[in-house]
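What follows is one structure encoded as structure tokens, with my remarks underneath.
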Amino acid sequence: MSEPAVQMQAPANGLHLIKKDYEGAQSTLCKGCGHDAITASIVTAAYEASVDPKRVLKLSGIGCSAKTTNYFMNQSFGFNGIHGRMAAMATGTGLANHTLIPIGVSGDGDTASIGLGNFAHMVRRNLRITYIIENNGVYGLTKGQFSAMADRGSRLRKGGANPWEAMDIISLSLLMGATFLARSFSGDRKQLTPLIEAAFNHKGTAVLDVLSPCVTFNDHEGSTKSLKHIRANRDALHDIDFIPDFDQVDVDYDEGKEIRVRMHEAGMITLHKIKDHDPRDRGRAIQLLEEARGNNTFLTGLIYIDENMPDFAEVEQLPEIPLAFLGEEELRPSRQDLDQINASLML
Amino acid sequence: MSEPAVQMQAPANGLHLIKKDYEGAQSTLCKGCGHDAITASIVTAAYEASVDPKRVLKLSGIGCSAKTTNYFMNQSFGFNGIHGRMAAMATGTGLANHTLIPIGVSGDGDTASIGLGNFAHMVRRNLRITYIIENNGVYGLTKGQFSAMADRGSRLRKGGANPWEAMDIISLSLLMGATFLARSFSGDRKQLTPLIEAAFNHKGTAVLDVLSPCVTFNDHEGSTKSLKHIRANRDALHDIDFIPDFDQVDVDYDEGKEIRVRMHEAGMITLHKIKDHDPRDRGRAIQLLEEARGNNTFLTGLIYIDENMPDFAEVEQLPEIPLAFLGEEELRPSRQDLDQINASLML
Amino acid sequence: MSDPAINDINICIATENGSGSASANNILFKSIFKMGIPCSAKNLFPSNIQGLPTWYQVRASGRGYLGRKDVIDVMVIFNETTAHEDVDKVRPGGLVIYDDSKPLPRELIRDSLKYLGVPAWNLVKDNVKVTQLRAKQRNIVYVGAIAQLFGIPLDILKDVLADTFGDKPAVIDSNYLCIQLGYDHMESSGATQELGRLVAVPEGNKDTIMTEGNTAAALGAIFGGVTVVAWYPITPSSSLVEEIIARIGKFRTDNNDKHRFAIVQAEDELASVSMVIGAGFCGARAMTSTSGPGLSLMQEGIGLAYFTEVPSVFFIVQRGGPSTGLPTRTQQADITLMHQGSHGDTRHLVLIPHDNPSVFELSWKAFDYAERFQCPVFVMMDLDLGMNMGISAPLAYPDQPFDRGKVLSREQLEAQGGTFKRYLDIDGDGIPQRTIPGTDHPAAAYFARGSGHDVDASYTEDNQVYKALLDRLRKKYETARDFVPRPLIANGAGNGDGVISFGSSYTPTCEALDRLREEARPLDHLLLRALPVNGEVQQFLADHERIFLVEQNRDGQMAQILRDDFPRYAARIHPVLIYDGLPVTAGEIVNLIKGGN
Amino acid sequence: MSDPAINDINICIATENGSGSASANNILFKSIFKMGIPCSAKNLFPSNIQGLPTWYQVRASGRGYLGRKDVIDVMVIFNETTAHEDVDKVRPGGLVIYDDSKPLPRELIRDSLKYLGVPAWNLVKDNVKVTQLRAKQRNIVYVGAIAQLFGIPLDILKDVLADTFGDKPAVIDSNYLCIQLGYDHMESSGATQELGRLVAVPEGNKDTIMTEGNTAAALGAIFGGVTVVAWYPITPSSSLVEEIIARIGKFRTDNNDKHRFAIVQAEDELASVSMVIGAGFCGARAMTSTSGPGLSLMQEGIGLAYFTEVPSVFFIVQRGGPSTGLPTRTQQADITLMHQGSHGDTRHLVLIPHDNPSVFELSWKAFDYAERFQCPVFVMMDLDLGMNMGISAPLAYPDQPFDRGKVLSREQLEAQGGTFKRYLDIDGDGIPQRTIPGTDHPAAAYFARGSGHDVDASYTEDNQVYKALLDRLRKKYETARDFVPRPLIANGAGNGDGVISFGSSYTPTCEALDRLREEARPLDHLLLRALPVNGEVQQFLADHERIFLVEQNRDGQMAQILRDDFPRYAARIHPVLIYDGLPVTAGEIVNLIKGGN
Ligand SMILES: Cc1ncc(C[n+]2csc(CCOP(=O)(O)OP(=O)(O)O)c2C)c(N)n1
Ligand SMILES: Cc1ncc(C[n+]2csc(CCOP(=O)(O)OP(=O)(O)O)c2C)c(N)n1
Ligand code: SF4
Ligand code: SF4
Ligand SMILES: [Mg+2]
Ligand SMILES: [Mg+2]
């Protein structure tokens with residue numbers, strides 16, 4: 001549009017939507033909850049990447065984290081299902097309509113405890129989804145028990161230390177064949193937002209393990225998922241930019257300092273190296289994760305990406321028109337077909 | 001015993017039991033099923049390691065593989081439960097009585113499909129158990145559908161190729177913190193038997209992924225779990241011996257050629273190197289598994305071991321006498337205790 | 001037609017599974033079918049792949065009785081392990097056919113039975129060159145023997161072989177050879193029997209199809225427009241989806257090799273129900289298929305589908321419970337778990353077919369009901385119905401177009417002024433309007449949740465809104481009473497006693513009632529075809545002093561539902577319970593009704 | 001005692017959760033308790049952690065009525081968001097207490113109500129130094145105001161503070177300061193009310209304890225000898241296990257720091273039920289605790305425990321269903337799923353406590369029943385019973401030693417000649433003998449399985465053996481009828497109508513019946529304490545023309561069970577259904593009984 005924007009009006013994105021159009025209901029989470037910061041990043045990412053809210057499908061299980069989907073993109077369909085089954089439910093939605101943009105938000109308990117099996121199998125199938133784990137190391141909604149992603153030795157506000165090693169959902173997803181793996185921190189919107197934008201544009205499963213402090217039950221001294229501890233133990237791979245529009249991308253870049261990955265749907269992600277790691281290198285990703293495990297640090301950034309693997313819809317050979325929109329003509333065989341079948345069942 | 005054994009009598013082990021004492025019911029599996037070969041190795045291992053059948057607890061889920069537990073050690077208790085939940089059930093048995101020797105036998109479907117979540121969490125807890133996966137890449141009992149451990153591109157007898165990458169249960173278990181990881185082949189009793197003997201003597205979760213061809217549904221050309229294919233693509237780390245009795249261990253050994261690991265309960269495992277790998281080296285184990293994945297080979301042998309990690313019973317601070325055998329005196333608080341409680345609930 | 005010596009015989013073949021007997025049994029069955037004689041087959045197979053006892057009962061019944069017959073007239077004892085009990089199952093005066101390549105063990109001989117040997121093993125040894133084929137081919141020899149004894153023409157057998165192995169002439173030849181060996185042996189040995197003969201019925205079985213319920217259900221789903229199938233294998237439901245897999249591609253593959261369907265083998269039943277819900281929410285016609293253990297695992301998901309009102313279809317092929325129970329035996333013991341499945345107050349629609357045409361019909365209709373009522377719909381089957389061969393009229397082409405229910409398109413949303421409240425009972429029938437993700441209208445979106453919600457789908461903990469929601473859901477169920485398939489009242493409402501049957505009990509119940517009528521005890525008969533039941537059932541209860549309710553479970557699960565629905569008539573309902581896992585026989589029903597006299 | 005102006009008041013405090021109101025509410029409640037007045041508290045909290053509306057109702061009742069009261073006499077509106085609806089809930093003539101630091105919005109004023117302001121916010125601002133504490137302390141001010149208005153002595157409040165914060169004198173002081181601020185403000189403002197007064201009852205509440213049902217259950221489990229607890233957190237059952245965790249160590253820790261118990265937070269409910277089964281099979285007293293969604297997930301496991309006969313205890317604290325429903329509201333809508341849970345024919349034992357002493361009693365007994373009958377045993381609770389403070393007589397020490405049932409030791413095995421058949425009905429009561437893994441006897445071992453099995457526990461598909469097994473399991477259930485807790489018949493069997501109540505409905509039902517009696521409508525009352533029910537229930541049904549069955553669910557789940565059990569009396573049963581998620585009030589019951597008149 002060439003007419004000058006009216007002063008005072010909020011800036012619109014490629015779809016002529018303003019940021020407010022990406023907001024949702026008022027959050028009912030605790031003040032300061034990391035999950036709300038993630039919500040803000042999702043809103044910004046969707047706005048900046050010009051995601052069409054009418055094509056978005058918000059999915060979640062149960063938990064404080066699961067409520068997140070209610071707090072962004074009011075204009076989008078949402079389904080807040082049952083504990084641990086969002087991954088499987090998403091798989092069904094992806095079959096019915098693979099042209100939607102599913103955004104799944106889960107908790108560490110929802111994904112790594114009760115939902116582990118279904119999550120792992122969703123990843124194996126490379127279902128197209130942006131799957132965000134709001135990782136606070138505890139079950140927030142049921143008042144602070146350890147989840148499977150609590151770190152060994154981490155302490156509960158009241159009560160003992162966790163004897164079990166934290167499950168590393170990124171390593172696990174890598175093993176399951178995930179094609180987009182990132183770790184970030186709710187408080188680091190600069191890093192998180194472009195990662196979410198990229199995930200929206202990834203054709204396959206994008207797993208984002210986002211550390212998200214539970215200020216009510218797991219933000220105390222002795223917790224390894226406290227704001228303070230996370231800040232102190234983050235280890236970023238790179239600074240990240242997402243450029244939604246290719247035309248804006250300037251052509252020459254410094255290979256030594258930058259890595260660019262063109263996303264399947266649209267846009268490009270630019271990684272300004274801090275550590276030397278090409279996220280397309282699976283072996284090195286494994287090594288870095290293993291190192292971080294040894295050092296008890298949180299490796300953040302885009303850890304792994306594979307833009308070539310066919311996604312679930314492709315493997316299932318789904319047609320252009322979503323299955324959900326096919327009608328009787330496309331689906332019910334003819335009377336002659338049934339006659340033939342009947343004949344074949346006679347002797 | 002110093003008296004000479006009577007001629008013709010079967011040789012007895014340390015518990016004065018003969019091999020027959022370790023046998024079970026007549027198998028009803030298909031003739032030639034890999035699972036029956038594994039049964040034979042279990043019988044030999046238990047006999048050779050002088051395992052007391054009265055202390056053995058046989059556990060399984062559902063599948064052809066699950067039936068295996070019925071085919072060895074008739075004198076032992078057994079529980080053939082439901083599909084995919086053996087790991088969790090075993091966890092309960094380990095709490096009630098941690099002095100038993102649990103032998104779990106599962107299938108690739110039972111463990112990696114429906115049972116994945118519970119299996120992974122059992123491994124995390126380092127429950128003491130010998131957990132054998134009879135891995136044939138299919139659901140035998142329901143007539144040959146792919147399991148999550150079928151290899152990508154493997155073909156069904158009738159029907160298409162598997163589009164998903166096989167789940168590597170050993171890598172997954174390693175990630176979950178498993179402390180004894182081995183892969184073997186039903187047809188290689190020389191390798192499998194000592195591994196099982198060692199597993200019996202391991203204080204923690206011992207996962208054995210045993211390739212076990214399904215001769216009825218997955219032994220054809222095009223299957224990567226056929227007898228022929230497995231034989232051709234095995235890649236052994238070492239030759240293995242298990243020595244149940246320390247006194248028999250000769251003291252000097254060649255470090256360059258052998259690795260010895262003393263098992264927690266009894267005995268010692270000796271690895272005669274083929275590849276250069278110390279199974280106590282986690283990093284190298286990861287690397288070797290990743291290589292095998294790249295080469296589509298089956299890495300066999302003792303892949304990883306950690307004899308120092310406390311097992312579940314230890315973490316739970318269980319007393320010497322199993323919980324199951326505690327009586328009213330040990331368990332019911334006194335009348336005075338209740339009086340005190342009542343008083344504390346008054347004002 | 002009712003000459004007892006003609007076309008009234010029940011032959012049981014005792015063999016081992018995985019031994020090639022299935023193919024021989026099938027040929028025998030098809031041949032009798034091809035003679036035009038009404039017939040049925042009951043396959044009693046083990047939960048195992050190879051080497052365990054299997055029984056196959058072929059019943060020929062000129063009168064058209066197709067339930068399992070109470071008595072066995074002829075027993076083929078080709079399995080040494082069970083031969084002892086097998087001979088004991090034969091009715092006095094019956095016939096035992098055995099392989100006399102070895103002498104018959106003395107202890108198998110009963111005075112009341114007649115024995116005829118056929119040296120099947122020797123015959124194949126001498127005549128079949130390929131050694132590996134011999135064990136398999138031995139089975140086919142008895143088919144020849146029976147054919148000769150009971151009068152199945154050789155050319156019919158030949159036709160059936162051609163039909164079965166059309167593209168493999170070598171197989172046809174070798175099978176036919178073995179049939180002839182058995183046939184000729186019987187003929188030359190001069191053996192006879194007095195049990196009766198099979199006599200071809202001209203035009204018999206014309207326009208009659210022969211199939212299994214799981215196949216009929218698979219076809220029903222395809223014609224019902226299913227697009228998403230999420231499943232996890234389990235006996236006896238696996239073959240239902242496997243038939244869909246085998247058949248759907250033909251109708252739904254585009255030129256560019258795209259599929260107008262998706263079938264996913266899920267990792268477990270928790271996943272399959274969740275996938276169905278996700279797909280149903282997004283507007284696809286979605287289904288799963290399972291048996292008892294899977295149904296148990298799906299309970300939480302079923303509650304979610306109920307409370308969020310997502311169309312979803314569940315084919316439940318029941319087997320012997322509880323727990324793993326008897327996976328290869330039949331039962332109707334998951335009724336409560338279907339009808340009232342999941343925690344909290346729920347009531348679900350259950351469609352209950354009783355033969356292959358009704359399986360087909362109720363299967364395609366299930367998708368219409370699911371969308372019309374926006375809820376889980378169960379198609380209640382069982383192993384007997386699902387996995388045994390049955391003969392019937394052809395499947396009837398759907399007589400109604402797809403009913404998508406109250407789905408609002410963009411245009412309809414626009415037409416109603418762009419307002420939409422997902423959970424508002426707009427028509428007073430308890431059924432709200434629905435939109436589908438991807439609908440390009442700003443008012444289309446809503447946020448579904450399994451927690452308490454108001455008419456806008458927003459979260460609420462308000463006690464009155466919550467109660468109103470529960471009441472509306474109940475109203476929807478009440479609305480369904482008059483929409484689900486009505487019962488079939490086989491006999492008019494007299495003043496004597498009545499019988500209610502459903503599902504696979506229907507066929508043997510009909511036979512039982514014929515027998516009782518012959519004994520001057522006429523009973524009225526109502527076939528229940530769905531839950532919830534409607535006024536016609538109530539009327540039937542009102543019209544009869546005593547109602548025998550035939551169920552294949554121990555606890556009278558259907559009786560519990562009916563007694564609660566109609567407390568006034570609760571005491572009139574007398575459950576007739578048969579639950580040993582075998583297909584019901586008319587004799588069992590007769591005895592229990594008489595016992596309850 | 002029955003002077004309406006004395007000790008008969010219902011105060012509702014409307015605040016936000018996570019705002020510190022819980023502590024203030026608690027102090028108010030305890031103070032009334034300490035005055036010796038019978039009282040109860042109902043906490044209506046949201047399914048959320050912080051910032052949403054919460055209501056706390058304290059009822060003082062000289063007559064000892066401890067159910068939720070129908071009308072609210074006093075409302076403290078400390079939550080602006082809900083103030084509007086809150087004032088509407090107050091009965092005509094009632095009192096509204098508000099924070100008049102800001103002027104009261106006009107639209108909150110009703111002619112029928114009296115308003116008293118207390119400038120709580122200003123008071124704490126001026127007097128509490130630590131800024132972060134102010135929001136919290138504001139709540140405590142209303143306690144002081146109420147104390148002054150209704151006559152709670154300051155020294156009692158002081159005692160309660162000391163009791164509550166014993167080890168933190170600073171907290172006591174700051175709280176007391178705020179109480180005094182409220183108290184003094186009311187006093188100096190000369191405010192009065194005519195609703196009535198609280199008057200201390202000498203020796204009142206003597207020997208009375210104050211606790212929550214989940215705590216009583218936790219204690220019951222500990223005294224019942226539980227050793228293995230496998231659980232997965234879920235509201236409203238979490239606090240049950242958390243109380244075990246908090247309390248068990250004291251009694252069960254050895255000198256060398258070993259635990260004579262194990263509590264595992266499982267990864268999901270599929271795991272927790274499986275762990276319980278594994279532990280129960282191995283001889284431990286094992287339990288889990290969950291609510292609706294978890295119960296749904298446990299269905300398959302429950303069937304396994306039933307069919308393999310493994311002792312296992314399930315504490316089910318019910319909440320609003322279906323699906324996620326209302327996690328913080330109360331209901332009794334999982335009855336069918338407990339009683340007939342899992343696929344196949346099952347019938348389970350359900351124990352139904354109705355107050356804290358019976359929760360304690362039935363909780364320890366549950367372990368005895370589980371071992372005696374070798375089966376899953378459900379302790380049916382609900383949020384109202386489990387999470388609300390209740391007062392009662394003290395918990396009574398178990399009057400019976402552990403009943404391990406028919407467990408055979410090595411010696412007993414030897415004594416019976418070394419023979420043992422796991423599933424043989426040796427005593428004709430349907431209950432077989434059992435051995436425990438690790439028993440050092442060659443005959444001890446058996447192989448349990450969820451599939452069909454014979455008396456030796458060996459696999460079988462034999463139809464008769466299978467039927468016999470199902471019949472024996474049913475016999476066991478029939479045996480249990482006369483062993484489970486008998487009903488409590490509160491009033492003798494007259495000839496009028498009767499009422500049956502159970503669980504948390506009992507208390508309000510008693511009050512309702514008192515009221516109806518005062519209206520010259522006496523009704524007999526039976527308290528159901530377990531399923532299966534026995535002859536006494538049948539007799540009660542026989543003795544009354546019409547029986548009102550009070551249930552907290554929509555579909556009359558208990559009615560369905562009783563109607564099926566006693567079809568003769570089915571039509572006599574009139575379900576009185578209250579299911580809006582709030583604790584039942586006497587008035588609701590009265591109205592429904594009158595409506596059904
Ligand atoms: C089947 C089932 N079991 C248990 C629960 C109770 N529950 C609700 S949320 C939750 C855990 C949530 O933890 P997490 O996923 O980490 O989310 P958070 O609240 O920490 O964001 C649990 C156990 C449930 N709703 N459903
Ligand atoms: C809940 C449930 N779902 C499905 C089944 C059916 N079922 C029995 S065994 C089996 C798969 C077994 O495969 P695997 O574990 O690989 O064992 P195998 O037979 O190959 O040895 C399935 C799906 C079941 N018994 N229970
Ligand atoms: S409890 Fe924790 S996770 Fe839940 S809303 Fe509060 S801070 Fe967030
Ligand atoms: S079907 Fe396969 S796995 Fe099962 S018994 Fe036969 S060969 Fe073994
Ligand atoms: Mg969490
Ligand atoms: Mg397998």
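Proteins come first, then strands; the chains are lettered A, B, ... in the order of their sequence lines, and each starts at number 1.
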Best-contacting candidate, A/A120, A/A166, A/G117, against chain B by heavy atom pairs under 4.5 angstrom
A/G117

With chain B, which of A/G283, A/G177, A/S171 has the greatest number of heavy-atom pairs at distances under 4.5 Å?
A/S171

Begin from the C-alpha positions of A/L116 and B/L116 and carry the test side-chain contact (heavy atoms from CB on, under 4.5 Å) through to its verdict.
CA-CA 8 Å; A/L116 185 63; B/L116 185 64; 5.6 Å; no

Is there side-chain contact between [X] and [Y], with heavy atoms separated by less than 4.5 Å?
X	Y	value
B/I286	A/I286	yes
B/R124	A/M167	yes
A/N126	B/W164	no

Could you tell me which portion of A/L175 (side chain, backbone, both or neither) has an atom closer than 4.5 angstrom to a non-hydrogen atom of chain B?
side chain

At a 4.5 Å cut-off on heavy atoms, which part of A/R125 comes close to chain B: side chain, backbone, both, or neither?
both

Using a cut-off of under 4.5 Å on heavy-atom pairs, state which of [options] scores highest against chain A.
options	value
B/G294, B/G115, B/A148, B/P310	B/A148
B/A112, B/P163, B/G84	B/A112
B/Q287, B/R293, B/M176	B/R293

Taking atom CD of B/E290 and atom CG of A/L174, what is their separation to the nearest 0.5 Å?
7.5 Å

Quick one: what part of B/E314 sits under 4.5 Å from any heavy atom of chain A, side chain, backbone, both or neither?
neither

